[in-house]
Amino acid sequence: MADGAVQFLLDKLTTILYHQASLLGDAQNEIVQIKLELESMKSFIGDAERKKHRSEPVETWVRQVREVANEVEDVIDEFMHYKDTRRDRKGFKHFVQDVIDSPKLISSRLQISSKLKKIKAEVCEVSSRSKRYAFDKSVDEGRHRHPPDDWWQHHGESAIFDGGDEIVGMKEDKTKLLTWLTGADPRRTVISIVGMGGLGKTTLVTKIYNEQVIRDFDCQAWISVSRTDEFEIEELLRNMIREFLAKKVMVPSNLGSMDYRHLVEMLIDILHLKRYFIVLDDVWSIDLWSRIRGAFPDNGRGSRILFTTRNENVAKSVGPGSHVHRIEPLKEDDAWSLFCKKAFWTNPDRKCPSELESSARFILKKCEGLPLAIVAIGGLMCSRNKLAVEWKKVCDSLNWQLSNNPMLERVKGILLLSFNDLPYNLKHCFLYCCVFRDGYPIKRKKLIRLWLAEGFVLEQKGMTLEEVAEEYLTELIYRSMIHVTETNDVGRVKTFRLHDVMRELAMTTSQKENLFAEYDGRDSRLEEKIQRLSVYHRGENIQLRKNTSHHLRSLFVFPTDACSSFSLSAKSSKFRLLRVLDLQGVNIETLPGTLVNLFNLRYLNLRETKIKELPRSMETLRNLQTLDLRNTGVKKLPKEISNMQNLRHLFLGCNKNYNSDSSSSNCGLPVPAGIGRIRDLQTLTSVEANEQLIQHLSNLTDLRRLDITKLRPVCGQKLCTSIQKMKNLCRLSIIASEDQELVLDNLTMPPIFLQKLTLIGLLKKLPPWLELLDSLTHLYLGSSHIKDDPLSSLQKLPALVFLELNKAHEGNVLHFQKHGFPKLVKLNLRELVALESVSLEEGTLRCIKELCLINCPELKMLSQGIENLTSLQSLKLEAMPDIVVQRIRTDIVQKHGSKAQHIRNCNKHNHITYHLITFK
């Protein structure tokens, strides 16, 4: 990670030298020299990173490089803050104050200048130290503490010769692969097996290769690819030739000197009349197939090429006509069977003794269905005494065992290959996921804002930083580094998590690199230079060393059930370099005045705290990008907040009922009209409308999300004018003031990228511009009381996947036309008090999965058309007439028979009954 720390710093120094050179003054020369020295070090840091596990001097030097890079960043941040604050001090008032403060200013300037010179000397010393120690020689001649780094890459090849028992829990995977491999399709077909390291991809293919497929092809080859560099492609082709010619034809003596063209020609000559089968195991390179595909003739004989990879992008790079199969973790029963098979193989029945079952289940839960971990830890436990106290010891130290026990080195090595293959910026992004508690659902949008605050996201031309961060997250998902746990109606990631074993290895790496630590008050031993800290607060006083506080970049406080109050006053003054402060849900009532001295702060989360007001001096937080005040006691924002020019996301508002499905429960806050001066603002939620504010919103042309509350009819036209200038708006919510009318017809050119729209308030008719929203995926209409059928204007929207009508229609019929709502997945009809029937033509709602009817008391008929909803998976009826429930029960059971669960009473509360039908 030293290479990542240096590269981040180089990117930062480059930006400063390019954009803020005028601020540097006499220090520019020092900063340039530091940058040049770091660049010279970077040329061989990568090699040192790979060799550090085999040489103590190299590992020590790598650690020193990382530490000095972090120290340089600290000093540069302090220096730029000092220069930035002096830049705006103009006028007689500031001149007088500067004269008074002159001794203090001189002292500060001298201190920073001294720090710059000292850190420059340290950088030069670390750079020259590598030459004095002659690292290359020490690596070759020194004591090897670990196997070579590429040992794990040959694990796939060795697995071929491992007889082993029958694979567990992969019968369906094996059947599907055999169908593709031995099928009658005469075309050359590429099959990709995708999954995180340790899921058993290679083991599965080995069984198929050895037992069945090998007899169905004229020739076969198994090649362990791993991370093939450009210059290794020719050697990969040579290995294939050797495999195909082994024991049959003499391998040409000049094979080692053949170039790429002759190797390809030779492979074509060998294969053009044969049905061949090739396994390319452990593929990492996305462009590998494009570089070698010409060597494999599509000769109409049903040849097959099979990839195993951890990266879904590799599978996608093959193109159309290929097959992709994703391997999933073992199910609980299969995982238990595999664990018992390895841990208790000496028992006649291979069963777990009852006294060990609780410990065994705990260990198995940690493995989360990962066969590699189950087999390795099962083998470890087999060597232990079968005493409950011994097993409990392992359970209590399992995190340590995963990273330090030699018997689990194989697990660590194979899983860390995925981490080591990441580019430096993605390594930091991945490790940052450790700041969230184990099992904590990580929200996509929150993590992206945190990455931005930490400076992990690099600028790309034509993209916002948030969009670049989305690309990072997608890459981590495709590389099987993180697991998606929840998606929205359009399939976009909402939450995800790390696999437990992967998280433990990431934690170990983070702690070793001083990137991250956890603190629960029980252990006061924290590294002084730790950069990010997660505190599990139970009400105790948090005691941090001064140096620890000074180097801290992120502080997360996670309250527990026993947490009482939390005091920030005694600590905030020490967090000089803090970038992220997350206090969500913490029992804190006031912000200390010293908080505004955190000049480096980019992210401040006070959500669900008891904070009632913000200090007027908040404007001194010049670098703040995200401010989250949702569900707090704050009633008004200070006008000075308009001076925070780097603010990108401002979250306001209070949700009166956290469990409500209705957007109408949101209440807004008044904000100063000067908010329009923050040109980089992208998110502005739950703000109360007034004429002055609405007019100034037209300056916020970069807004991606806007939530307006208490909109009066007189402001409607001006709001439309402002919205038309927001070309990048993706999410819009407009709530009328006290059931007044929404006047929004003047929005002649709505934002073309608008995806989510909420309109709450009286509407005489739907705004005509709704029909133009081709990108709209989510639409919520509340308290609209439209008399005409609103569906005629909505059902042609090509991208709509979610629609809720809540008190939105006063007519007695809703008519869903043929081919209407082509993408709609979820439909909620709520409190349509006059609705008597719903008509469903054949061919409508082709993609519908969930239909909710809630409190529609006059509904007598859902139409015979409900049987045409062939994709429907769930029908929810809440507070509906019994006659409707009974009729639907009859219709559904007649149509679906055993596929439909019986309608059951799920809950009773205040005489409201919930009924649910689920199709399996």
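Interatomic distance, CG of L431 versus OG of S510, reported as 4.0 Å (0.5 Å rounding).
Within 6.0 Å of NZ on K443 lie no more than 12 heavy atoms contributed by other residues, nucleotides or ligands. The 12-atom threshold is exceeded at CD of E467, counting heavy atoms of other residues, nucleotides or ligands nearer than 6.0 Å.
Checked for salt-bridge contact, R497 and E368 meet the test: a charged N lies under 4.0 Å from a carboxylate O. The existence of a salt bridge linking R479 and D421 is confirmed by a sub-4.0 Å separation between a basic side-chain nitrogen and an acidic carboxylate oxygen.
Side-chain contact between L754 and L732 is present, with at least one heavy-atom pair separated by less than 4.5 Å. Looking at heavy atoms from C-beta onward, L595 lies out of side-chain contact with P615 at the 4.5 angstrom threshold. Contact check for L627 versus H649: no side-chain heavy atoms found under the 4.5 Å cut-off. In this structure the side chain of K635 never reaches within 4.5 angstrom of the side chain of E613, judged on heavy atoms. Residues V501 and V411 meet the side-chain proximity criterion, which asks for heavy atoms closer than 4.5 Å. Side chains of C730 and K756 form no contact here, defined as non-hydrogen atoms less than 4.5 Å apart. With a 4.5 Å cut-off on side-chain heavy atoms, M507 and F516 count as touching. Looking only at side-chain heavy atoms (C-beta outward), V580 and R553 stay at 4.5 Å or farther from each other.
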Handout entry: Working for side chain to side chain contact (heavy atoms under 4.5 Å, CB included), residues Y603 and N605
Key = CA-CA 7 Å; Y603 181 98; N605 185 3; 3.6 Å; yes
Practice task
For the pair Y536 and Y519, evaluate ring-ring contact (aromatic ring centres under 6.0 Å, His included) and give the outcome as yes or no after the intermediate values.
Solution key: CA-CA 6 Å; Y536 304 140; Y519 178 83; 9.5 Å; no
Exercise for the section: With side chain to side chain donor-acceptor pair (under 3.5 Å) as the test, would you mind laying out the steps for T495 and T485 before giving the verdict? Expected result: CA-CA 6 Å; T495 62; T485 54; 2.7 Å; yes
Exercise for the section: Let me see the working for H428 and F456 under ring-ring contact (aromatic ring centres under 6.0 Å, His included), right down to the final yes or no. Expected result: CA-CA 7 Å; H428 284 81; F456 294 160; 5.5 Å; yes
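For the salt bridge (Lys or Arg N to Asp or Glu O under 4.0 Å) with E466, the lone residue among K445, R648, R449 that qualifies is R648. Between L684 and the options D707, L697, L647, a side-chain contact (heavy atoms from CB on, under 4.5 Å) holds for only L697.
Put simply, the side chain of T709 never gets that close to the backbone of S686: no donor and acceptor are under 3.5 Å apart.
Closest heavy-atom contact between L552 and L533: CD1-CB, 3.8 Å. Heavy-atom minimum distance, T632 versus I611: CB-O, 3.8 Å.
Using a 30° and 60° split on the angle between ring planes, F558 and Y440 fall in the perpendicular class, above 60°.
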